[in-house]
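Heads up, the thing below is written out as structure tokens.
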2 protein chains.
Amino acid sequence: MNIGEIAEKSGLPAKTIRYYEDIGLVMPNRSQNGYRHFNDTDLHKLTFLARARTLGFSIEDCRTLMALYEDETRASADVKDIATQHLDRIDDKIAQLQSMRETLSHLVAECAGDNRPDCPILNDLAYHRE
Amino acid sequence: MNIGEIAEKSGLPAKTIRYYEDIGLVMPNRSQNGYRHFNDTDLHKLTFLARARTLGFSIEDCRTLMALYEDETRASADVKDIATQHLDRIDDKIAQLQSMRETLSHLVAECAGDNRPDCPILNDLAYHRE
DNA sequence: CCTTGACCTTCCCACTACTGGAAGCTCTAT
DNA sequence: ATAGAGCTTCCAGTAGTGGGAAGGTCAAGG
């Protein structure tokens with residue numbers, strides 16, 4: 001498979017696949033013309049990566065998860081640790097966003113949104129005291 | 001005020017304040033020795049920016065919001081539009097994170113987390129079909 | 001007067017995870 | 001022969017800092 005084909009099959013843009021090769025996540029062979037040549041194992045890896053990225057894992061987490069996946073002597077505890085930490089980070093982010101959301105939605109609700117200049121949103125930004 | 005003092009008062013790192021000058025968000029005067037010299041207006045602007053950033057507005061949003069703040073003939077509708085769009089982006093992000101959270105928490109719950117290799121998390125990554 | 005240490009300056013690199021674009025080579029079909 | 005699609009590498013840029021080098025400035029102490 002050339003890069004275009006595997007891009008379609010894996011759902012990852014060709015650019016991204018080249019980038020993953022750059023950072024050593026996949027190592028496709030090369031044809032004589034210099035084109036990357038991907039096999040089914042590469043496709044499987046890329047699909048794995050695409051799924052892990054969809055779940056929000058960082059590239060470094062993905063690297064570790066792939067290594068664990070390929071290590072038949074792994075302990076599932078190691079995988080669970082990574083996932084749990086990731087989950088904690090997600091929870092932190094959600095909490096942070098919800099706090100923003102809370103404040104913003106109040107301000108938006110209070111703002112008349114007409115052609116007059118008075119605006120509670122700007123007042124908050126200018127004079128907010130924690 | 002020198003940069004150290006205003007950094008402390010505004011709560012922004014000196015590095016960040018220099019960056020904000022670079023991109024034209026603040027324009028402090030310079031003393032004869034070349035040091036930046038900030039006045040109360042600068043402090044007010046930086047505090048405004050710090051608050052806007054806390055609420056998650058992008059730098060470009062901040063630039064627009066500051067311009068509106070300084071424009072006495074503004075329409076509050078323009079401010080409300082920016083805030084509403086930002087709120088929508090936040091809602092999107094929260095939804096995305098909660099979807100990840102949902103999937104991940106199930107997988108984590110199913111994983112034994114012991115020293116055996118079998119792991120539902122890796123199975124999902126490797127064989128997930130949407 | 002000299003030195004020390006805390007400030008300040010500019011400049012450049014690194015980070016995350018790509019994305020876009022330019023210049024140029026290869027393949028396929030007409 | 002040529003057009004167009006697909007491939008290659010390399011370079012630059014994104015957002016918003018953070019880290020650190022190399023060097024100028026200032027105030028206090030000996």
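Naming: A, B, ... by sequence-line order, numbering from 1 per chain.
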Nearest-Å distance, CG (B:Asn29) to P (C:dT9)?
13 Å

At under 4.0 Å, does any side-chain N or O of B:Arg53 touch on OP1 or OP2 of D:dT17?
yes

When you measure from the side chain of A:Asn33, which nucleotide among D:dG19, C:dT26, D:dC26 comes out closest?
C:dT26

Under 30°, 30 to 60°, or over 60°: which ring-plane class applies to A:Tyr127 and B:His44, parallel, tilted or perpendicular?
tilted

Find the distance B:Arg18:CZ to D:dG20:P and express it as a whole number of Å.
15 Å

Under-4.0 Å salt bridge between A:Asp114 and A:Arg116:
yes

Closest-nucleotide mapping onto DNA chain D: is B:Lys15 or B:Gln32 further toward the 5' terminus? I mean the 5' end.
B:Lys15

Mind checking if A:Phe57 touches a base, just sugar-phosphate, or nothing, with heavy atoms under 4.0 Å?
nothing

Less than 4.0 angstrom between a side-chain N/O of A:Thr16 and OP1 or OP2 of C:dA17, yes or no?
no

Between the base of D:dG24 and the side chain of B:Tyr35, is one N or O donor paired with an acceptor at under 3.5 angstrom?
yes

Measure CG/B:Leu12 against C1'/D:dG18 and give the value in whole Å, please.
14 Å

Between C:dT16 and A:Ser58, is there an OP1 or OP2 to side-chain N/O distance shorter than 4.0 Å?
no

With a 3.5 Å distance limit and no angle check, can you tell me whether B:Arg51 reaches the backbone of A:Ala126 through a side-chain donor-acceptor pair?
no

Under 4.0 Å between any heavy atoms, over every strand shown, what does B:Ile3 touch: base, sugar-phosphate, or nothing? Just pick one.
sugar-phosphate

Contact under 4.0 Å: A:Arg30 side-chain N or O vs D:dT9 OP1/OP2:
yes

Rounded distance (Å) that lies between atom C1' of C:dC15 and atom CD of A:Glu60
12 Å

How close or far is atom P of D:dG6 from atom CZ of A:Phe38, stated in whole angstroms?
16 Å

A side-chain contact here means heavy atoms from C-beta on lying under 4.5 Å apart; do B:Lys45 and B:Met27 qualify?
no

How many Å lie between CG on B:Asp22 and P on C:dC12, as a whole number?
12 Å

B:Arg18 vs B:Glu21, test: salt bridge (charged side-chain N to carboxylate O under 4.0 Å, His left out). Steps then yes/no.
CA-CA 5 Å; B:Arg18 291 195 193 98; B:Glu21 184 187 19; over 6 Å; no

Rounded to whole angstrom units, what separation is found between the CD atom of A:Glu5 and the C1' atom of D:dA5?
15 Å

Measure from CD1 on A:Ile6 to P on D:dG6 and round the result to the nearest Å.
16 Å

Should A:Arg36 be listed as having a side-chain N or O under 4.0 Å from OP1 or OP2 of D:dT9?
yes

Is there a side-chain polar atom (N or O) of B:Tyr19 under 4.0 Å from OP1 or OP2 of D:dA15?
no

